Amino acid sequence: MIELWFVIIAFLWTGYFVLEGFDFGVGMLAPLVSRNPGEQRQSLQTIGPVWDGNEVWLITAVGAMFAAFPAWYAGVFSSFYLPVTLVLVGLIVRGVGLEWRGKVNDPRWCDLGIVVGSALPAFLWGAVFADLVFDSVPAALLGGAFSLAVCALHGAVFLALKTTGPVRRRARIVAMAASGVAVPVAVAALSSLGTFPALAAMAALAAATALIWRRREGWAFAATAGAIVLSTLAVFMELRLRPFPGLTLAEAASGPYTLTMLSWIGLITLPFVLVYQGWTYWVFRKRVRVEGTLLTQG
């Protein structure tokens, strides 16, 4: 049960980083690839139907940590109280910006909030998990730079995949520039792990660069998503041995009865969450186009 719930938590965090990764990237890059209000709306509409649903993965991952590994949860969220608080502030500011920008006369402050509220969590989550693995400030900063760069690349590729016209062209250019930063930062950040998933993540980012150059946005997005999956796997392989300094998984876990009850609850609820998320992405799978002053999908 202990190993099973560690795998479930790793899966939930991985899903969160893959899905929120492109949300963060789009939020950071929307002003860069947009030249007028219509293009800004087009860029943000790519994540409009899904960003709040993607945050469910974070809530579920943290809730599972609290229930299955309370000592791990307490150690992480008390030791990293300030960065986690800043993450929450960033998510709130981003959410307010996304919801209010269409309801105010001057949306510039909302757009600034979206940029800051996307960049802050993108950097801080990488810093937190790198510090958990290496217990080093330089490693934490490098981990933050890695997650920020990869989210920017992931978001740029997603924008190129989901838009048309000038925004799509600019997104490809930004994606090429972001890959020029993400690949060397990934080599610096992941080389010290030395595991197969870490090496494969570097290869996936290199493949994404080639695919962007060939204008294969769908495959490039799969490559950036794969790089995030593999990077997260490499991190959790390290955390399995020592989830927190001075703490093993067995010491951090709840009792057998609690884990058994959680397993039944997860067996019932998790499939519904996955089906709902899959249905949402299927419904909004088409590119976002600008037709006059209206946005359409098709």
Side-chain angles (χ1 to χ4, degrees), residues 18-54 93-95 97-119 121-122 148-182 205 208-225 227-228 280-298:
V18 170
L19 298 176
E20 276 280 79
F22 67 75
D23 284 349
F24 293 150
V26 171
M28 289 186 285
L29 299 176
L32 190 61
V33 300
S34 307
R35 296 293 182 269
N36 56 60
E39 290 180 353
Q40 178 78 353
R41 291 197 304 273
Q42 181 187 15
S43 298
L44 293 177
Q45 185 58 30
T46 61
I47 61 171
V50 298
W51 69 268
D52 48 355
N54 292 343
V93 169
R94 184 190 66 156
L98 288 168
E99 293 292 340
W100 284 14
R101 74 174 313 275
K103 302 177 177 64
V104 297
N105 295 325
D106 185 358
R108 286 179 296 179
W109 289 106
C110 293
D111 292 337
L112 177 61
I114 294 168
V115 172
V116 174
S118 300
L148 184 66
V150 171
C151 285
L153 173 59
H154 197 39
V157 174
F158 185 76
L159 278 169
L161 177 65
K162 291 287 290 180
T163 58
T164 60
V167 171
R168 182 186 181 188
R169 291 193 295 271
R170 296 187 200 110
R172 282 201 298 260
I173 294 170
V174 171
M176 286 301 300
S179 68
V181 176
L205 288 174
T209 304
L211 290 164
I212 295 163
W213 179 260
R214 297 184 62 187
R215 301 186 178 185
R216 303 293 297 273
E217 292 102 342
W219 286 107
F221 182 74
T224 55
I228 294 173
T280 302
Y281 279 95
W282 175 256
V283 170
F284 296 102
R285 67 189 180 279
K286 295 181 179 179
R287 293 181 184 271
V288 179
R289 304 175 184 272
V290 178
E291 296 181 0
T293 59
L294 299 177
L295 296 178
T296 63
Q297 286 205 337

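These numbers were taken from a predicted model, which means no experiment stands behind them.
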Val104 and Cys110: which non-hydrogen atoms are nearest, and at how many Å?
CG2-SG, 4.1 Å

Output for pair (Trp100 CH2, Lys103 NZ), nearest 0.5 Å, gives 10.0 Å

Measuring only between side-chain heavy atoms, which start at C-beta, is Ile212 closer than 4.5 Å to Leu153?
yes

Using every non-hydrogen atom in the two residues, find where Ala175 and Val157 come nearest and quote the distance to one decimal.
CB-CG2, 4.1 Å

About how many Å separate CZ of Arg169 and OG1 of Thr164, when rounded to the nearest 0.5 Å?
9.0 Å

Restricting to non-hydrogen atoms, name the atom on Ser43 and the atom on Val26 that form the minimum distance, rounded to 0.1 Å.
O-CG1, 3.5 Å

Using side-chain heavy atoms (C-beta onward) and a distance below 4.5 Å, is Phe22 in contact with Asn54?
yes

Derivation of the side-chain contact (heavy atoms from CB on, under 4.5 Å) call for Glu39 and Val33
CA-CA 8 Å; Glu39 290 180 353; Val33 300; over 6 Å; no

Sidechain N-carboxylate O distance under 4.0 Å for Lys162, Glu217:
no

Ring pair (Phe, Tyr, Trp, His ring centres under 6.0 Å) with Phe158: which of Phe24, Phe221, Trp51?
Phe221

So how far is it from Arg94 CZ to Glu99 CD, rounded to the nearest 0.5 Å?
10.5 Å

Would you compute the distance between atom CG of Leu211 and atom OG of Ser179 and round it to the nearest 0.5 angstrom?
11.0 Å

Shortest non-hydrogen contact from Arg108 toward Asp106:
NH2-OD2, 2.7 Å

How about Met28 and Cys151: do any of their side-chain heavy atoms sit closer than 4.5 Å?
yes

Taking the side chain from Arg35 and the backbone from Leu32, do they hold a donor-acceptor pair closer than 3.5 Å?
yes

Would you mind reporting whether Val150 and Leu205 have side-chain heavy atoms less than 4.5 Å apart?
yes

If you round to the nearest 0.5 Å, how far is CG of Leu19 from CD1 of Ile47?
12.0 Å

4.5 Å side-chain heavy-atom contact, Ile114 and Leu98
yes

Per side-chain contact (heavy atoms from CB on, under 4.5 Å), Val288 is matched among Gln45, Arg41, Arg168 by Gln45

If every non-hydrogen atom of Val181 is compared with every non-hydrogen atom of Ala149, which pair is closest and at what distance?
CG1-CB, 4.2 Å

Would you indicate whether the side-chain heavy atoms of Asp111 and Leu44 approach each other to under 4.5 Å?
yes

Closest heavy-atom pair and its distance - Val50, Thr46
CG2-O, 4.4 Å

Once you round to the nearest 0.5 Å, how far does CZ of Arg170 lie from CZ of Arg172?
12.0 Å

